[in-house]
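Below is one structure, written out as structure tokens; the observations come after it.
This is a predicted model, so every value here is computed, not measured. In the text below, chain A, chain B and the rest are named by the order of the sequence lines, each starting its count at 1.
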Amino acid sequence: MSHVTLEGVAKSFGSLQVIPPLDLRIDKGEFVVLVGPSGCGKTTTLRMIAGLEQGSSGRITIAGRDVTDVRPGLRNCAMVFQNYALYPHMSTYDNIAYGMKVRRENPESIRRRVTEASELLGLTPYLERKPRHLSGGQRQRVAIGRAIVRNPEVFLFDEPLSNLDAKLRVDMRTEIKQLQRRLGATAIYVTHDQVEAMTMADRVVLMNGGRVEQASDPIELYERPANLFVAGFIGTPSMNFLEVEVAMASGSLALKLPDGSLRELPELVARSSLARFAGQTVIFGIRPDDSSEGQGGAEGFIVDAIEPLGPHTLAIGRIGQSKFTAKLEAHVRPKPGTQLSVKWDWLKTHFFDPADGSAIS
Amino acid sequence: MRDERIKYLFVWPAFLIVLAVSIFPLIYALTVSFQSMRLTPPLPARFVGLENYLGLLASARFWGAIATTSIIVLISVAVQYCVGLALALSLHSNVPGERLYRPLFLFPMFMAPVAVALVARMIFSPTLGPLNEFATFLGFPNLPFLTQANWAIAVIAIVEIWQWTPLVTLLMLAGLQGLPREVFEAAAIENASPWQRFWSITFPMLLPLSVAVVFIRIIEGLKIIDTVFVLTGGGPGTSTETLTLFAYNEGFKKFNLGQASALSFLFLMVITLFGIVYLALARPLMEKRT
Amino acid sequence: MNEGRLLRWVAFLACLVWALFVAAPFWWVGVTAFKAPTDVNGGPTYLPWIDFNPTFSTFREIVAGERGDFFRGFWHSTAVGLSATALAVFFGSMAAYGLSRFEYRIKLAAAIAFAAIAIGGFILLNEVWRLPAPQSLSLSMLAALPTCIVLNRLRLPGPQLGNKDITFWFVSQRMFPPVVSAFALFLFYAELNKQGVRLLDSYLGLVLAYTAFGLPLAVWLMIDFFKSVPLEVEEAALVDDVPRWRIFFEIVLPMVRPGMLATFMIVLAFIWNEFLFALLLTTSRWQTLPVVLAGQVSSRGDEWWAISAATLISIVPMMFVAALLGRMMRSGLLAGSIK
């Protein structure tokens, strides 16, 4: 049974619709990450679940209870904010205990739960400190501690790691994920960082312009993007796109690449649905990771710049008018202007309908 | 949402206090301004229509008060702005002794205008004051600082300048500190002279704030009474009488309440009119850079 | 570089000259307050121990209560100033918080209806039915306010007033020439006095007037302080089901404490120095310092030693306030708020 559901939830400011009706179901114990470029509505969606933002229409339920018109405090969510949102004049202990004190819970149980949470998060030595005397990572732990002691139905995270430095971010990522498993809690996590999304999520919800582009587990998102947007957003460096013409050559399907070369498609790739586009232009996608120097792909790859990364070197250039990036051996250093041939793994190629960007399977 | 109801609780107390203390009496005063109401002799109030207003508009004393007030305000605000900006620039560039100057330059605006005027009265005193002694020392005749109309207005303006330049300095300094440093560094790299930097960067960027500061000072300046009350009492004759002092004299010396109310509403109209014209003129200046 | 150095010298000299100009009057009061009457009447002197022999006699007289009116004025100013400032800052903070956090909508039609009912009702009651002014005013307000609230709920055409307009309404009270409201308030208090409600020349009347006088300033200053507080902290509390009033008192107010302190001092300075209201609303019993000081001119004429001592005492508290504010400002506390 779904633990959190959004049914036709929409949001508009005046006449501007930022989120068209949106449906989303989240299971109990699931770690869902909302990801997308800035302004895609992921934070607004999260805030509507928290009740900090009122939707213009639609229904939200949490644990089977309709909370659409329930105020934030009664939705039994706990939220961790981007800037931690700690109470600056209260010590770590008071920050964690404040909510319970306001709800007039039994002092003994308050003390017990704060102690438990602080031990879990390694905050015990810092209980008397004010937030301004804590490091970024410690502040984030306090914010998480404040969320844990609520024992909520759902944890909501709003870009909680974006203010931490890169190394700490990686550590906290694992820590949050482990914590969520241990508590068996449902978590909805908003980020603009696709690596965070891929590594933490049970299911990634990729949003764009207020709409869900694709919601699936990370590997599927990477291997079978539903459309051009998903394909371009997930993966670094991002996928190469070439406009190609689908042609029939001696009874089998072939591609006419922008450099003019004609490639016959292997049997496995020449799927029936691609045949529908015979004689038309489609968008061909291949990840840089799956393309390298060699025969079998395009011949007219002109290198503009190289980025040696250590384990391998990226060659950035173009094929015809389209930009293209290929992964080369670490020690290959073609000069700018060099023309190379590239090959790719045909099993990892993608095709998209240029009309609506949807994937051709 | 629950906030929908509670939000009104936050503004109601303040709203009701202002309503009770400012708006209530204002309505009453508005009706009084259309009546003939005197406390001495205590005649019953009688509706006279616009008579109070027309009487004022026809009186030379009213126009005199407007002229006096405007002259004092124009002179003093012009000097306040120029000096205040210059001081702010100096403090901002950390002149030697800046730590000492900062509090000193602030002090005058925290003094009661009455107290300031009392001190000025001593300093400008014709017989025992230090200034006239100094003038005599330099060979000037004894100057009639407070007893001759033009001198008196100059003295009032000087007192206003002394007291309120600090406010301009304070606000302009805050504005200067808020300007992005990169722009100045870029200009320094371009080898712009300090003078060029001021006219092409600092001044234009401070223009919106300047417009606001001058507005505040003019509006506040128009209300002047305490300084004049203590320094000259409006004299000699009524030559230094400002609008507020005129209203006070009318209402509390002559107890002509109807007239005084009408006067205060005329005053309100003058200020409103000024405000509208000023803001309309200043709008293009404010919008250009924000 | 040369031009820059020259400019620095000019700036330095200008500041020095201005500093002397600013300091001279302080020196003069400071010196005169310690003079004996004979030293004053002998013409201006400036240097203690060289020009004249300083004496504490005037201060002794004041402390001994021989200048009773002055001593009372000091106490009145303190009592009225602190109470009115506290109220103004408290209610002003509440209003400023509301205006910076929630959205208010008042329909212009409802606001006009309010003004029409209030003014029309007053004229009707006062002129036609001959009710005394305070009663007619209260009644017409009592009629106007609920009507306005009900009208505001209805679907009325026409423009709506938002937070900006309400803020402007508050702040515009400060732009009013005070003589308008001081006069009106005097007339109103006088009417109430006739009916036995003593507001004229009383603590309560003054505090009420000054609270309203300080409110616009407090609202204006506090709005900026509240806007600088991150919203997330309050949202965290909302998610934790902390009631709005506790968020305000226990979370937001402690966060804006420095700003509130600054606002308190600025409002206090304005009220402490205010002259016109005190002049109109007091006669003898509750005169505040500025009125007492102004009275010294006529009552004591050329007793400069006494006037100086009184002036000195009345400005010392504000010098502390100014020094404190200056320190807060240097630490950059108010830099963001003044703009």
Do the non-hydrogen side-chain atoms of L215(C) and Q173(C) ever get within less than 4.5 Å of each other?
-> no
Judged by atom type as modelled, is there a donor-acceptor pair below 3.5 Å linking the side chain of S308(C) to the main-chain atoms of W305(C)?
-> no
Side chain, backbone, both or neither: which part of L104(B) has an atom under 4.5 Å from a heavy atom of chain C?
-> both
Counting only heavy atoms closer than 4.5 Å, note whether V321(C) contacts chain B via side chain, backbone, both or neither.
-> side chain
Region of L16(C) in contact with chain B, defined by heavy-atom distances below 4.5 Å | both
Checking heavy atoms, do the side chain of E274(C), its backbone, both or neither come under 4.5 Å from chain B?
-> neither
Any side-chain heavy-atom pair of L257(B) and F183(C) under 4.5 Å = yes
Residue from L19(B), I216(B), L89(B) scoring the most non-hydrogen pairs under 4.5 Å with chain C is L19(B)
When you measure from the centre of the six-membered ring of Y248(B), is the NZ or CZ of K253(B) under 6.0 Å away and within 45° of the axis?
-> no
Contacting region of V32(B) [heavy-atom separation from chain C under 4.5 Å] | side chain
Chain C contact via F34(B) - side chain, backbone, both or neither, heavy atoms under 4.5 Å | neither
For L26(B), is it the side chain, the backbone, both or neither that has a heavy atom under 4.5 Å from a heavy atom of chain C?
-> both
Examine whether an atom of Y210(C) lies under 4.5 Å from a heavy atom of chain B, and if so say whether it belongs to the side chain, the backbone or both; otherwise answer neither.
-> neither
Cut-off 4.5 Å, heavy atoms of chain C, and the answer for L16(B) is side chain
Interchain contact, W9(C) with chain B, by part (heavy-atom threshold 4.5 Å) = neither
Measuring heavy-atom distances to chain C, does F229(B) have an atom under 4.5 Å in its side chain, in its backbone, in both, or in neither?
-> side chain
Would you call R244(C)-E234(C) a salt bridge at under 4.0 Å N-O?
-> yes
Below 4.5 Å from any heavy atom of chain B, which atoms of L293(C) appear? Answer side chain, backbone, both or neither.
-> both
Counting only heavy atoms closer than 4.5 Å, note whether I123(C) contacts chain B via side chain, backbone, both or neither.
-> side chain
Under 6.0 Å between the ring centres of W164(B) and F105(B)?
-> no
Chain C heavy atoms under 4.5 Å from F15(B): which part of the residue, side chain, backbone, both or neither?
-> both
What part of L173(B) gets closer than 4.5 Å to chain C, counting heavy atoms only: side chain, backbone, both or neither?
-> neither
Counting only heavy atoms closer than 4.5 Å, note whether F248(C) contacts chain B via side chain, backbone, both or neither.
-> side chain
Examine whether an atom of I149(C) lies under 4.5 Å from a heavy atom of chain B, and if so say whether it belongs to the side chain, the backbone or both; otherwise answer neither.
-> side chain
At a heavy-atom separation under 4.5 Å, does L185(C) approach chain B through its side chain, its backbone, both, or neither?
-> both
Proximity breakdown for W272(C) and chain B, heavy-atom pairs closer than 4.5 Å | neither
I166(C), part contacting chain B, at a heavy-atom distance under 4.5 Å = neither
Which atoms of F21(C) approach chain B - backbone, side chain, both or neither, heavy atom under 4.5 Å | both
Bottom line for E220(B): the part with an atom under 4.5 Å from chain C's heavy atoms is side chain
Proximity breakdown for F213(C) and chain B, heavy-atom pairs closer than 4.5 Å = neither
Name the region of V83(B), side chain, backbone, both or neither, that has any atom closer than 4.5 Å to a heavy atom of chain C.
-> side chain
